[in-house]
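Comments concern the structure below.
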Amino acid sequence: MPSFDHKKIEKKWQKEWERSKIYEVKDQPKAGRPRAGNFYTLIEFPYPSGNIHAGHWYAFPIPDIFARKKRMEGKNVLFPIGFDAFGLPAENAAIKRGINPKKWTYENIDYMRKQLRSMGASFDWSREVITADPEYYKWTQWIFLQFLKKGLAYQAVTAVNWCPKDKTVLANEQVVGGKCERCGSEVVQREMKQWMLKITDYAERLLSGLAKLNWKEEIKEAQRNWIGKSEGAEIEFEITGTPTYSGEVVFASNNQGKLKRMQKLFKAAGLAIKLKSPKEIGIKDFDVLEDGKTLAENSEKKARALAGKTKLSVLADDSGFFIDGAEIDPMMVKRNALNGKDEKSLSVEEIGALMLEYYKKIAAERGGKVDAEWRNSLCLVTSEKFAIHVEARRPVILTDKPHGAMDPSLPLRPLYMSRATGKYVLEQSEDEEMKELLPIIEGIKKLFTPSIKVFTTRPDTLFGATYLVFAPEHPFIAMGNEKSLFENKKEIDEYLKKAKSKTQLERQQGAKEKTGVELKGIKAINPANGEEIPVWVADYVLGGYGTGAIMAVPAHDERDFEFAKKFALPIRKVINPVLQHFLQNADSIASGAPASIAIEAECWEGAGELINSGSFDGMDSAKAKNEITKFVGGKIKTQYKLRDWVVSRQRYWGVPIPVIHCPKCGVQAVQDKDLPVVLPEIKDYLPTGEGKSPLAKAEKWLKVKCPECGGPAKRETDTLDTFVDSSWYFLRYCDPKNADAFADEAKIKAWMPVNLYSGGAEHTTMHLLYSRFWYKAMFDLGLIPKELGDEPYRERRNRGIILGPDGQKMSKSKGNVIDPDEYIKKFGSDTVRMYLAFIGPYGEVGSYPWDPHGILGIKRFLDRVWNLAEASAKKSLAKAQDLQDLAQRDGASRAIPQQRDMRVLANFGAETTESARLVRATNKTIKQVSENIEDFKFNTAISALMILLSDMEKGEGAKVDGVFSIFLKLLSPFAPHLTEEIWNKMRSKSAQGGPASGWKSIHLEKWPEFDPKLLEEDTFELIVQVNGKMRDKFEVPINISQAEAERLTLEREKVKLALDNKKPRKVIFVPKRLINFVV
RNA sequence: GCCCGAGUGGCGGAAUGGCAGACGCGCACGACUCAAAAUCGUGUGCCGCAAGGCAUGUGGGUUCGACUCCCACCUCGGGCACCA
């Protein structure tokens, strides 16, 4: 059988389409309804690795089928393509083979462009976007700077995944099984300063936004799991014990007598702490009242001086405290806290409460936090330095009388004149002073033994918390070690060292085996029952999640249970499980699975009645969650697994982060007029090895003037993660050439949000989440029109993967790699794309082996199409190819509505029963192919086309010409070249006198519509069942009554046999389907 | 371990409460041919000569009727992995 010349045809039409730009799309924004008629279908753009593989063939020409159909349906379809052009492979090629990464990348793009064109996909190439073009990354940088200004981008020292071979930081997502996704070397943890994006701020919206999206539930679920929301409580545990305190404290008083008395108290309390006055450490101008300067100025100076001289500064009583090295004057605090209220009208407690509020406020403003508070005093711990302000809540006695005029009978001595009131403050007796200082001692103790917050999702099990565990990274461990809080410091140090040296891989592999060391010398107090419980450090607790410390409830947590078992820690059951699950499924369990399985499963999880929980005994665990949290003063809290997104990469081939570091002004954004910060050409692409980008070696580029002060400054040398580039490319497609903005608002309104986004399942938790975050952040910045909402993709579909013929993933080592080029050469692009469309359902994440024989079936099918066209041309049956022509012959106007096509055709075809049958078959095929394409079930659409082709081949006597042109249109999205060729051949022949002067693309034709009336049949095949088993079937009128159906059925021999003379107990009749006799 | 998805002929798959296996591959036989390839035609789940029986991972349930819905288990694929 002759085969069509795919080489000639495909090249010819690819050229024609390109020349005539039939796939270029206009924005067509309309006032009022800017999106009317517009349809945005998006495919993940490829990385230009340089070779097109079977995966590309699966990714691009298959959704093209959908895009083409939408276009034929009359939609104004945006179907763009571009290149995700930054990334490591280019740089690795540069390092390995000395090739310029830019050259490497752009040459690959040139090559891939040709390859992509050969697929016959209807991309609008005029909108091509390349992320490595300065015209593109100018806007990546610009948007980043908007984030920076909004506080969404920040720098922080953080433990990052470090690949020792690639010498770069990896995102969590790029670490696979503890190994570098790219090179496979083991990833280690390293502390480095990184640029981060605050994706965690959007955790809740990323979660709730999913609800309204038309995505598959499994994709949403994967994102939900990644965000990892859990609701629970934060509960504080006090730490006690008799630790040996040591260190040096500067007591902010030059009053020697007071210092001595204080030292006495320290001794009595067992604090081996040296007490010093400010004078002793060389601060002379301590007494702020003798100074003419304002209190605040003085305080700051003092604070700086103190901070440099001693590690821990305690400023107590009548002095201030530090926040991040700056001292706050308590008198000022008091004034501001009172905010005009009369001090005398308030009780001591009320004043204390107001001051506490104010402390919290300023602490928050400066990035610190009030970490603990207790009745008589305050403790403030900030992130880096910490300081304490202890204020005894004593009554302050004020008098107008000067020193000498005091009543000698009073045990008081005047101390100083209060600046705030102008009155004399009287100091109490020594004894009273000692009493007053006691809370200060307590405060200092508390500083060393602060209470620890834990996060738990099970506050209802608090009474069962029999020990407390810190993550090795918890700051308390380092602090406690430094202050010699622990008796077994050596053991702890060793454990920490071991834990730290573990690579991510080791930590994962040893996951099940619990290790840990007790922190001897301290205990924690279970706030629920006041019990003293041991405190441990163990690496099964993660530093990065929750508070980095947990309360362990071994009776109701599997991990705690294992740990407790190993180290012989007490286990206390506090929930009496209601076997809800068991009860619910009593039926099935009774007959099926053994009940013990269900009971065992209830051990860790689940609700129940509280036991061993004091006054909460008998309470339902769900209720107890809130009640116990309230009881111990805890806070309901929501935690997320999602971490902030580390976007900096110490690599060359990426978007330079557009900031400047100035020694005077700090981090400065590059000004808009200086964007883009162009990636400089360099010679040596190797990273520095200390984790700096190769850009650090580009000295000329590096040195720059500070945009703020004009002084010498340096550029940031890190580049952005490529996930940043791909987080907004779909916006640039809307307006790819815009030099004044990332995209014009009207054009964004014309296209966004994306109607349908097709891509690989591997991007579910990375690209898809990142770009949703990015879009939401842009939305909040006002860069996305409000009416579009804050979700970029309305519908998302993940595709599966193509395996090698052996059913394994294709890999060179397995030798099962399919080279699509080979098949293109042999069979042509139409055959290959159609075979891949036929291989399995595209909307499901299946994996389909490439069957080298299977493709022959498609090749045969297309050959048959070709031959049928040739044959009908020869028979000159093809005079009225086009339905429009038919319609004209029918006397109707040219503008006949599509939905009437079938009726027109029916009139023509109904000359014979065979023709009528064919017309009906065609009508059905239109319906099925249309619906199947919509659902991405290209396999069944093709199956329907195959059936119709067989019908046409068989229907020799039938008038098939009109049917054939409908068939061609239905086939055209699948085999765009072949159908275009046949279509135009037919047209030129029907237009008498040789080839038509111009050609008319089938791809711009209207998509056929079916006639619902023609779907209706007069008869149907009645299925006869006896007890649900099919026994017979026969043709009956469509609207047959049950009685009639019964009568006819019971007459039939087969039925009589099956019924075996028994009388039916019940008859079920389903109209248009079946009749079922139950005996 | 947890979460998600899937288990149907020799193979890819179809049918989402009503004829299990559409369509394609493969295979067998036939036609054409000196012959082969290609092409066309017929057949093709398993057991059975047949009538008939058995069949959608396994066991149970719901239903007149289950590949389809429910429960439990098994296997495979993907994701996460000590997230308290």
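For the numbers below, each heavy atom of this structure counts, side chains included, while hydrogens, waters and symmetry mates do not. Proteins come first, then strands; the chains are lettered A, B, ... in the order of their sequence lines, and each starts at number 1.
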Next item on the list: For B:G7 versus B:U16, give the span between their C1' atoms, rounded off to a whole number of Å.
Entry: 16 Å
Notebook entry, point to check: Can you tell me how far P of B:C76 sits from NZ of A:Lys809, to the nearest Å?
Noted result: 17 Å
Note to self: Could you tell me how far apart A:Phe1077 (CZ) and B:C19 (C1') are, to the nearest whole angstrom?
What the structure shows: 16 Å
Note to self: Heavy atoms only, 4.0 Å cut-off, all strands: where does A:Ile1023 land among base, sugar-phosphate and nothing?
What the structure shows: base
Next item on the list: Report yes or no: is the cationic atom of A:Lys859 (NZ for Lys, CZ for Arg) under 6.0 Å from the centre of the six-membered ring of A:Phe4, at an angle within 45° of the ring normal?
Entry: yes
Checklist line | Given B:G18, B:G12, B:A84, the nucleotide with the shortest approach to the side chain of A:Arg1073 | finding: B:G18
Margin query: The side chain of A:Asp539 is closest to which nucleotide in this list: B:C82, B:G12, B:C19?
Written below: B:C82
Item checked: P atoms of B:G43 and B:A36, separation to the nearest Å -> 24 Å
Note to self: Could you tell me how far B:G78 sits from B:U68 if I compare only their P atoms? Round to whole Å.
What the structure shows: 26 Å
Note to self: Nearest 0.5 angstrom please: A:Tyr467 OH to A:Ile533 CD1, how far?
What the structure shows: 10.0 Å
Next item on the list: For B:C76 versus B:G60, give the span between their P atoms, rounded off to a whole number of Å.
Entry: 23 Å
Next item on the list: Remember a base hit wins even if backbone is also touched, and classify A:Gln639 as base, sugar-phosphate or nothing at under 4.0 Å, heavy atoms.
Entry: nothing
Margin query: Does B:C64 have its OP1 or OP2 closer than 4.0 Å to a side-chain nitrogen or oxygen of A:Lys1066?
Written below: yes
Note to self: Without decimals, in angstroms, what is the distance between A:Gln1025 CD and B:G18 C1'?
What the structure shows: 6 Å
Item checked: Heavy atoms from other residues, nucleotides or ligands near NZ of A:Lys220 exceed 12 (cutoff 6.0 Å) -> yes
Notebook entry, point to check: Can the ring centres of A:Phe827 and A:Tyr835 be said to be less than 6.0 Å apart?
Noted result: no
Checklist line | Pair A:Lys565 + A:Glu562, salt bridge at N-O below 4.0 Å | finding: no
Notebook entry, point to check: In terms of the nearest nucleotide of RNA chain B, which residue is placed more toward the 5' end: A:Tyr545 or A:Gly846?
Noted result: A:Gly846
Check: Thinking salt bridges, do A:Glu844 and A:Lys937 make one under a 4.0 Å N-O criterion?
Finding: no
Next item on the list: Flag the pair A:Phe936 / A:Phe938 as yes when their ring centroid distance falls below 6.0 Å, and as no otherwise.
Entry: yes
Checklist line | Cationic N near anionic O, under 4.0 Å, A:Lys229 to A:Glu204 | finding: yes
Check nucleotides 2-9 of chain B for protein N or O atoms closer than 3.5 Å to its own N or O atoms and list the pairs.
{"from": "B:C3", "atom 1": "O2'", "to": "A:Asn225", "atom 2": "ND2", "distance (Å)": "2.8"}

Item checked: Chi angles and distances behind the salt bridge (Lys or Arg N to Asp or Glu O under 4.0 Å) call for A:Arg458, A:Asp460 -> CA-CA 5 Å; A:Arg458 296 297 304 273; A:Asp460 51 319; 3.0 Å; yes
Note to self: From CZ of A:Phe1020 over to C1' of B:C19, roughly how many Å is that when rounded to an integer?
What the structure shows: 13 Å
Notebook entry, point to check: What is the nucleic acid contact for A:Lys220, judged by heavy atoms within less than 4.0 Å: base, sugar-phosphate only, or nothing?
Noted result: nothing
Check: Hey, does the side chain of A:Tyr848 come within less than 4.0 Å of B:G13's phosphate (OP1/OP2), counting only N and O?
Finding: no
Note to self: Syn or anti for B:G9? Use the chi torsion, O4'-C1'-N9-C4 for purines and O4'-C1'-N1-C2 for pyrimidines, with syn inside 90° of 0.
What the structure shows: syn
Margin query: Rounded to whole Å, how long is the line connecting atom CD of A:Glu931 with atom P of B:A15?
Written below: 12 Å
Check: B:C19 C1' sits how many Å from A:Lys1072 NZ, rounded?
Finding: 18 Å
Next item on the list: With C1' as the reference atom in both, quote the distance from B:G57 to B:C25 in angstrom, rounded to an integer.
Entry: 24 Å
Notebook entry, point to check: Judged by atom type as modelled, is there a donor-acceptor pair below 3.5 Å linking the side chain of A:Ser943 to the main-chain atoms of A:Asn939?
Noted result: no
Check: Taking atom C1' in both B:G13 and B:G21, what distance in whole Å separates the two?
Finding: 9 Å
Note to self: Could you check whether A:Lys566 makes a cation-pi contact with A:Phe563, meaning its NZ or CZ is under 6.0 Å from the centre of the six-membered ring and within 45° of the ring axis?
What the structure shows: no
Check: Is the number of heavy atoms from other residues, nucleotides or ligands under 6.0 Å of A:Lys498 NZ greater than 12?
Finding: no
Note to self: If you assign each of A:Thr456 and A:Ile1068 to its closest nucleotide in RNA chain B, which residue comes earlier from the 5' end?
What the structure shows: A:Ile1068
Note to self: Can you say whether a donor on the side chain of A:Lys514 sits under 3.5 Å from an acceptor on the base of B:C82, or the other way round?
What the structure shows: yes
Notebook entry, point to check: Base, sugar-phosphate, or nothing: which does A:Ser230 touch, judged by heavy atoms less than 4.0 Å apart?
Noted result: sugar-phosphate
Check: Could you state the OH-C1' distance from A:Tyr842 to B:A14, rounded to the nearest angstrom?
Finding: 20 Å
Margin query: Using the side-chain heavy atoms of A:Trp226, tell me which of these nucleotides is nearest: B:A14, B:G18, B:C80.
Written below: B:C80
Notebook entry, point to check: Once you round it to whole Å, what is the distance between P of B:G12 and CD1 of A:Ile801?
Noted result: 15 Å
Next item on the list: Using the C1' atoms only, state how far B:G10 lies from B:G26, rounded to an integer number of Å.
Entry: 7 Å
Next item on the list: Using the C1' atom on both, measure B:G12 against B:A6 and round to a whole Å.
Entry: 15 Å
Next item on the list: With the side chain of A:Asp557 defined as its heavy atoms from C-beta on, choose the nearest nucleotide among B:A84, B:G18, B:C19.
Entry: B:A84
Notebook entry, point to check: Between A:Arg796 and A:Glu44, does a salt bridge (Lys or Arg N to Asp or Glu O under 4.0 Å) hold up when you go through it step by step?
Noted result: CA-CA 11 Å; A:Arg796 164 76 187 192; A:Glu44 286 161 4; 2.7 Å; yes
Any N/O pairs under 3.5 Å between the protein and nucleotides 22-25 of chain B? List them or say none.
{"from": "B:A22", "atom 1": "N3", "to": "A:Ser943", "atom 2": "OG", "distance (Å)": "3.4"}
{"from": "B:C23", "atom 1": "O4'", "to": "A:Ser943", "atom 2": "OG", "distance (Å)": "3.1"}
{"from": "B:C25", "atom 1": "OP1", "to": "A:Arg860", "atom 2": "NH1", "distance (Å)": "2.5"}
{"from": "B:C25", "atom 1": "O2'", "to": "A:Asp851", "atom 2": "OD2", "distance (Å)": "3.3"}

Checklist line | Base-pair map of RNA chain B as dot-bracket, where | denotes pairing with a different strand and pairs are Watson-Crick or G-U under 3.5 Å | finding: (((((((..(((.....[....)))((((((.......))))))(((....)))..(((((..]....))))))))))))....
Note to self: Is it true that A:Glu1035 and A:Thr1019 share a donor-acceptor pair across their side chains at a distance under 3.5 Å?
What the structure shows: yes
